[in-house]
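Have a look at the structure below before the remarks.
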Protein chains: 2
Amino acid sequence: MMQTHFDAIVVGAGPAGVSAALTLRARNKSVLMCYSDQGALKTAHRVDNYPGMPRMPGEEMLRIFHAQCEEAGVVMYPHAVRQMLPMGDTVSVMAGEELFTASCAILCVGVVRQSRIPGETEYVGRGVSYCATCDGMFYRGKKIAVISAYHEGVEECNFLASLAGETCYFSEKKHDRAGLADNVLVMDGRVTEILGDGKHVTSVRAGDEEFPVDGVFILRPATPPDQMIPGLALEDGAIWTDEGFATNLPGVFAAGDCTGMPYQAPVAAGQGNAAALSAVRFLDQK
Amino acid sequence: MMQTHFDAIVVGAGPAGVSAALTLRARNKSVLMCYSDQGALKTAHRVDNYPGMPRMPGEEMLRIFHAQCEEAGVVMYPHAVRQMLPMGDTVSVMAGEELFTASCAILCVGVVRQSRIPGETEYVGRGVSYCATCDGMFYRGKKIAVISAYHEGVEECNFLASLAGETCYFSEKKHDRAGLADNVLVMDGRVTEILGDGKHVTSVRAGDEEFPVDGVFILRPATPPDQMIPGLALEDGAIWTDEGFATNLPGVFAAGDCTGMPYQAPVAAGQGNAAALSAVRFLDQK
């Protein structure tokens, strides 16, 4: 069975996350790294200004980074974090299909460039959910829409369909939908609006049609951090941190692109290192 | 003949300086890097937490860093900066035996751990100098003490002896003194105090003896930054910078250990990158 409690959970496996994880390991902390197969560095054709890795494609840098993490004893869990909840002494983390706890967390989630569906932000927590495992039970016997942007959404949708009375699957982006359960209705159009009565979701619009639903699950490979963690403070669209890379939530730190410009691999790595040292101080004071 | 004007001069060749220089070159700026053969990283037995360079001795990291700088077109000048003067539009820099100018400067000088001689700080600019080339002419025909910590001091002392009336050479640390000119008096003891009348240096004390002098030249491989640049603001012993790594002096930026804790290679590299981007903005606004 997989270990489920860690000293620290690092969300994201770009330069910030890797640097944070390596520094935590150097200080002998147990580290879980959760990440989706994305990120700005992966798409970089070549990085010229990273000290120690001359003229290297971003994808190759990441390959080296991740091998280094594995060798250092970081537990790598290549699944997106759906939801995170600071619970006082620990942080609870839903990632992939697992629930983990950690004594602290470092968010290194990069910039999540994501257009939201009109109505989405307005109804978060009032019918809009990003976490099937977290909120599925609330929709037992109800009618739900699943809006999925990737293949991993299929499995989650099947879990939801085992609870819900009726499940409609909308694709937000083109992806492989093989494996969807028989009781899932596969829809053709894209959802262009989430509608409600001001208090709760009532329907979704796709093309010219409106579909009445009780809830909407939006499944995307990366979740914007303020959706991932309730109460996380942003500033100008980036995660707010103090000088030591602590967020407004106790035990939650952040580093790299998600904390703002400049978006540079060495800057992210430096911040990840500094955030990890702050996290170590936080852990040792407990 | 060596190029003497650059878009930017980077002082120091540790992770911060290397990162700054690479980013400046990536933005197509001409870069001179001045450095002495020192620094915290060089003495690091092994660094475990630098992303991309697994478990590497500090010295090997530096070798790779410097090769990368050379390949990127950074002009490497392995000599210590003795003095720096922001002149409005340019920064003048005395390094080794050369005078350079640059449109901006980035200080990445690390932590200069240095005990000062009693009286030294008190009489800087009033008889105590760190730069033979800058201040030698003021002592034409006078009596001076040279306090040297390393072999490079020999050549500087010979230059001073060609101007001064009488030159005494004191060693601050053991080093090779071969090559000292015949008209230099080699002294045995260590200088334990620099004395003055409150306005100007009057003598140095070594052992039980006091030697009347008009000036004192202190020659060490690394000069603390506030001695290197008149008017540079410090805070808690580190160089003060704003969030963009600008110091209090226009066109002068700073990054890495010299700006304060934590002393970590990835943090330094990240700050060097960010400081370089600020410097690029400064250059482009000119």
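So you know, we letter chains A, B, ... as the sequences are listed, proteins then strands, and number each from 1.
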Most heavy-atom pairs under 4.5 angstrom with chain B, which of [options]?
{"options": "A:Arg25, A:Met56, A:Met53", "answer": "A:Met53"}
{"options": "A:Ala276, A:Gly52, A:Ala269", "answer": "A:Gly52"}
{"options": "A:Glu243, A:Gln271, A:Arg55", "answer": "A:Arg55"}
{"options": "A:Leu277, A:Val18, A:Leu24", "answer": "A:Leu277"}

Over all atoms of both residues, closest heavy-atom pair of B:Val267 and A:Ala274:
CG2-N, 3.9 Å
Which atom pair, heavy atoms only, marks the closest approach of B:Asn49 to A:Ala26?
CB-CB, 4.4 Å
With a 4.5 Å heavy-atom cut-off, do A:Tyr50 and B:Pro51 have their side chains touching?
yes
Other residues, nucleotides and ligands only: do more than 12 of their heavy atoms fall within 6.0 Å of CG on A:Asp236?
no
Proximal to chain A - members of residues 61-99 of chain B, heavy-atom separation under 4.5 Å
B:Ile64, B:Phe65, B:Gln68, B:Glu71
